[in-house]
Amino acid sequence: MMMNKQWRLLASFFCLSLLTPAMAQQVPVVTPAAQPAAATTVTAGLKPFTAKYQVLRSGKVHGDAERYLKPWGQGFELGYKSNITWLIFKDERHERSRFVFKDGRLQPFFYQLKRWGTGPGRHYELNLDWSKHELLTGKEKAPKTVEWNEQWLDQLSYHSQLVLELAAGKTEFSFDVLTRHGDSRSYQYKVTGEELLTLPAGKIKTIRVERVGKNLDKQVVAWVAPELDYLLVKLWQAEDKVEQFDVQLQSYQFSQ
């Protein structure tokens with residue numbers, strides 16, 4: 001049972017606290033419910049990128065992951081792909097969020113997570129219609145009966161919103177985040193320092209951000225690099241102060 005618990009924690013690392021580079025200033029807005037058109041030129045600081053990582057536990061590499069940000073319609077798609085092997089377990093997944101920038105905030109309209117490997121596969125999906133105030137869940141797009149919240153973000157887009165606020169000078173953050181099932185949760189983070197890290201990608205100056213709050217079952221720390229558009233360069237998570245994983249930047253490339 002303990003082995004299965006540790007594996008679930010390791011396999012789900014990218015669903016918990018990934019941050020994304022973002023310093024948006026102005027992005028043309030589309031109606032989220034509509035099918036976005038082909039990608040167009042946008043005037044924003046959301047710089048498209050591809051970043052690759054090593055996934056470690058107790059100093060040993062157990063897999064690799066890739067994160068990306070790319071234009072999609074008149075907004076963006078943020079996503080990741082991961083491939084992790086630990087003992088007899090194998091986990092592959094692809095998570096993505098699509099959003100636009102409106103009135104100083106990110107507005108997500110599509111979220112999806114697919115997982116396959118050891119055990120049953122999983123498919124989670126959220127569709128948000130901001131004009132109708134409608135939330136649809138799952139592949140079946142079943143309506144979710146819930147009070148609409150104009151501050152909602154999904155499991156990926158809230159990290160982009162955090163970085164927008166971090167770039168604007170804030171040091172404490174609070175977000176209303178939809179879970180994979182469409183339930184609302186409140187997440188809090190706080191800047192706790194600056195560090196110079198030595199990673200596979202080299203020496204990088206970083207800002208350390210930690211999840212805060214009472215009765216947290218997991219300790220989450222992320223390091224982002226202001227000189228790299230606030231790219232996530234390291235992510236560490238523990239349960240009861242016992243390390244579950246350590247994700248480190250291996251390489252990165254920004255699109256022109």
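In this text the structure is predicted, and so the values were computed from the model without any measurement. For this chain, numbers begin at 1 and follow the sequence in order.
- With rounding to the nearest 0.5 Å, the separation of CG in Leu162 from OG in Ser157 is 11.5 Å.
- In this structure, Arg180 does not pair ionically with Asp154, as no charged nitrogen and carboxylate oxygen lie closer than 4.0 Å.
- Distance alone, capped at 3.5 Å, places no donor-acceptor pair between the Thr137 side chain and the Leu126 backbone.
- The two residues Trp152 and Ser184 come nearest to each other via the heavy atoms NE1-OG, 3.4 Å.
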With side-chain contact (heavy atoms from CB on, under 4.5 Å) as the test, would you mind laying out the steps for His62 and Phe245 before giving the verdict? CA-CA 9 Å; His62 288 283; Phe245 61 79; over 6 Å; no
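- The distance from the OG1 atom of Thr118 to the CZ atom of Phe89 is 7.0 Å, given to the nearest 0.5 Å.
- Side-chain contact between Lys205 and Glu194 is absent, with no heavy atoms from C-beta onward closer than 4.5 Å.
- A donor-acceptor contact shorter than 3.5 Å is absent between the side chain of Asp229 and the backbone of Leu231.
- Salt-bridge formation is detected for the pair Glu210/Arg208: a Lys NZ or Arg NE/NH1/NH2 atom is positioned less than 4.0 Å from an Asp or Glu carboxylate oxygen.
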Dump the intermediate steps for side-chain contact (heavy atoms from CB on, under 4.5 Å) on His123 and Gln112, then the final yes or no. CA-CA 7 Å; His123 182 122; Gln112 184 184 80; 3.6 Å; yes
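- Applying the salt bridge (Lys or Arg N to Asp or Glu O under 4.0 Å) test between Glu125 and each of Lys139, Arg98, Lys141 identifies Lys141 as the sole match.
- Taking the charged nitrogens against the carboxylate oxygens, Asp246 and Arg57 have no contact shorter than 4.0 Å, which rules out a salt bridge.
- Counted by atom type alone, Gln188 and Ser174 present one or more donor-acceptor pairs between their side chains at under 3.5 Å.
- Between Lys114 and Glu92, none of the side-chain N atoms (NZ, or NE/NH1/NH2) sits under 4.0 Å from a carboxylate O, so this pair counts as no salt bridge.
- Electrostatic pairing of Asp91 and Arg115 counts as a salt bridge here, judged by a charged N lying under 4.0 Å from a carboxylate O.
- Ring planes of Tyr158 and Tyr187: perpendicular class, angle over 60° (limits at 30 and 60°).
- Under the 4.0 Å criterion applied to side-chain N and carboxylate O atoms, Lys81 and Glu66 are not assigned as salt-bridge partners.
- Among all heavy-atom pairs drawn from Gln54 and Pro200, the shortest one is OE1-CG, 3.8 Å.
- Between Ile204 and Ala225 the shortest heavy-atom distance is CG2-CB, 3.6 Å.
- Interatomic distance, CH2 of Trp72 versus OG of Ser97, reported as 11.0 Å (0.5 Å rounding).
- Between Gln161 and Leu164, the closest side-chain pair of non-hydrogen atoms falls below 4.5 Å.
- Rounding to the nearest 0.5 angstrom, the gap separating the CD atom in Glu147 from the NE2 atom in His133 is 11.0 Å.
- Ring geometry for Trp148 against Trp130 counts as perpendicular: the plane angle is over 60°, on a 0 to 90° scale with 30° as the lower cut.
- Listed here is the closest heavy atom pair of Leu249 and Lys52: CD1-O, 3.6 Å.
- By the 4.5 Å heavy-atom criterion applied to side chains, Val177 and Ser186 are not counted as neighbours.
- Side-chain polar atoms of Gln155 and Tyr124 form no donor-acceptor pair below 3.5 angstrom.
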Before you tell me yes or no, could you show the steps for Thr145 and Leu135 under side-chain contact (heavy atoms from CB on, under 4.5 Å), namely the whole-Å CA-CA distance, both residues' side-chain angles and the distance that decides it to 0.1 Å? CA-CA 8 Å; Thr145 303; Leu135 172 62; over 6 Å; no
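- Linking Ile, Leu, Val, Met, Phe, Trp and Tyr whenever their side-chain heavy atoms come within less than 4.5 Å leaves Trp116 and Leu113 in two separate clusters.
- Ring planes of Phe173 and Phe175: parallel class, angle under 30° (limits at 30 and 60°).
- No side-chain heavy atom of Trp223 sits less than 4.5 Å from a side-chain heavy atom of Ile207.
- When the side chains of ILVMFWY residues are joined at heavy-atom separations under 4.5 Å, either directly or via intervening members, Val247 and Val221 end up in a single hydrophobic cluster.
- Smallest separation of non-hydrogen atoms from Leu106 and Leu153: O-CD2, 3.5 Å.
- Between Gln151 and Arg105, some side-chain heavy-atom pair lies under the 4.5 Å cut-off.
- A donor-acceptor pair shorter than 3.5 Å cannot be found between the side chains of Asp64 and Asn83.
- Side-chain heavy atoms closer than 4.5 Å link hydrophobic residues (I, L, V, M, F, W, Y) into clusters, and following such links, even through other members, never connects Phe99 to Leu136.
- The aromatic ring centres of His94 and Tyr80 sit 6.0 Å or more apart.
- Looking only at side-chain heavy atoms (C-beta outward), Phe254 and Leu228 come within less than 4.5 Å of each other.
- Side-chain atoms of Thr206 and Leu196, non-hydrogen and from C-beta on, never get closer than 4.5 Å to each other.
- Distance NZ/Lys234 to CD/Glu195: 9.0 Å, rounded to 0.5 Å.
- The shortest side-chain heavy-atom distance between Val224 and Leu166 falls under the 4.5 Å cut-off.
- Atoms CG and CZ, from Asp176 and Arg185 in turn, are 11.5 Å apart once rounded to the nearest 0.5 Å.
- Under a hydrophobic clustering in which Ile, Leu, Val, Met, Phe, Trp and Tyr are joined whenever their side-chain heavy atoms come within less than 4.5 Å, directly or via other members, Tyr189 and Val212 fall into different clusters.
- For Tyr53 and Arg67, the side-chain atoms include at least one donor-acceptor pair closer than 3.5 Å.
- For Val191 against Lys170, the heavy-atom pair with the smallest separation is CG2-O, 4.4 Å.
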